[in-house]
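In what follows, a single structure is set out as structure tokens and then discussed.
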Amino acid sequence: MNYWLMKSEPEECSIDDLARAPNQTVPWVGVRNYQARNFMRDAFALGDGVLFYHSSCPQPGIAGLAEVASAAYVDATQFDANSPYHDPKSKPEAPRWLHVDVRFGRKTRLLSLAEMRAEPRLQSMRVLQAGNRLSITPVSTEEWRALQELLAD
DNA sequence: GCCAACGTTGGC
DNA sequence: GCCAACGTTGGC
């Protein structure tokens with residue numbers, strides 16, 4: 001069992017959108033970074049815990065919990081010329097981009113980025129390191145446990 | 001809107 | 001393979 005933090009822009013898909021989605025599950029399409037893709041392809045497992053993080057918004061932070069609901073499979077948007085995620089260099093016979101499905105767990109209070117930065121037990125979190133831009137980052141068991149406490153209220 | 005940090009691209 | 005230019009991310 002592994003744990004992950006996944007960033008989503010709430011204007012595109014918020015924790016509420018995830019809760020309202022069919023089967024409370026969304027295909028996590030649009031990842032166009034090789035490191036993030038490789039996490040999904042090589043390290044994700046069904047049932048892995050996900051921290052659902054709201055980014056690029058007025059109140060960035062963790063907004064809920066979710067889980068990995070599928071293995072990695074081909075992201076069809078890369079071949080769709082009308083999609084913002086279209087990748088003209090990716091060929092159907094050798095798809096570059098994959099994604100997983102993510103299923104809603106529960107909504108939590110918003111644990112703000114500022115609060116995360118101030119919490120001693122979270123200092124090692126990859127998402128908090130200077131210059132980090134990855135939309136998917138691993139979370140250690142210790143970090144996950146601390147977060148469960150912080151989100152319990 | 002700014003800007004630092006980082007990834008990608010493409011000429012050489 | 002190097003590396004400058006460019007694009008993107010994402011908090012502020």
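For clarity, every value in this text was computed on a predicted model and none was experimentally measured. Note that these values count all heavy atoms, side chains included, but never hydrogens, waters or copies made by symmetry.
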Could I get a table of every N or O pair under 3.5 Å where one atom is in the protein and the other is in nucleotides 5-12 of chain B?
residue : atom : partner : partner atom : Å
B:dC6   : OP1  : A:A130  : O            : 3.4
B:dC6   : O2   : A:R133  : NH1          : 2.7
B:dC6   : O2   : A:R133  : NH2          : 2.8
B:dG7   : O4'  : A:R133  : NH2          : 3.0

Test log, rule salt bridge (charged side-chain N to carboxylate O under 4.0 Å, His left out), inputs A:E93 and A:K91
CA-CA 5 Å; A:E93 60 272 20; A:K91 302 298 168 211; over 6 Å; no

Is A:D42 atom CG crowded by more than 12 heavy atoms from other residues, nucleotides or ligands, each under 6.0 Å away?
yes

Qualifying ring pair (Phe, Tyr, Trp, His ring centres under 6.0 Å) pairs, either residue in residues 80-128 of chain A, two or more places apart:
A:Y34-A:W97, A:Y73-A:H99

Assign the ring pair A:W4 / A:F39 to parallel, tilted or perpendicular, where the plane angle (0 to 90°) is split at 30° and 60°.
tilted

Side-chain contact, heavy-atom cut-off 4.5 Å: A:R96 with A:D87?
yes

Do A:E67 and A:R106 pass the salt bridge (charged side-chain N to carboxylate O under 4.0 Å, His left out) test, and can you show the C-alpha distance, the side-chain angles, and the key distance before you say yes or no?
CA-CA 10 Å; A:E67 67 174 8; A:R106 69 180 176 89; over 6 Å; no

What residues from residues 51-59 of chain A pass a heavy-atom cutoff of under 4.0 Å to DNA chain C?
A:Y53, A:S55, A:S56

Which heavy-atom pair separates A:L110 from A:Q59 by the least distance, and what is that distance?
CD2-O, 3.6 Å

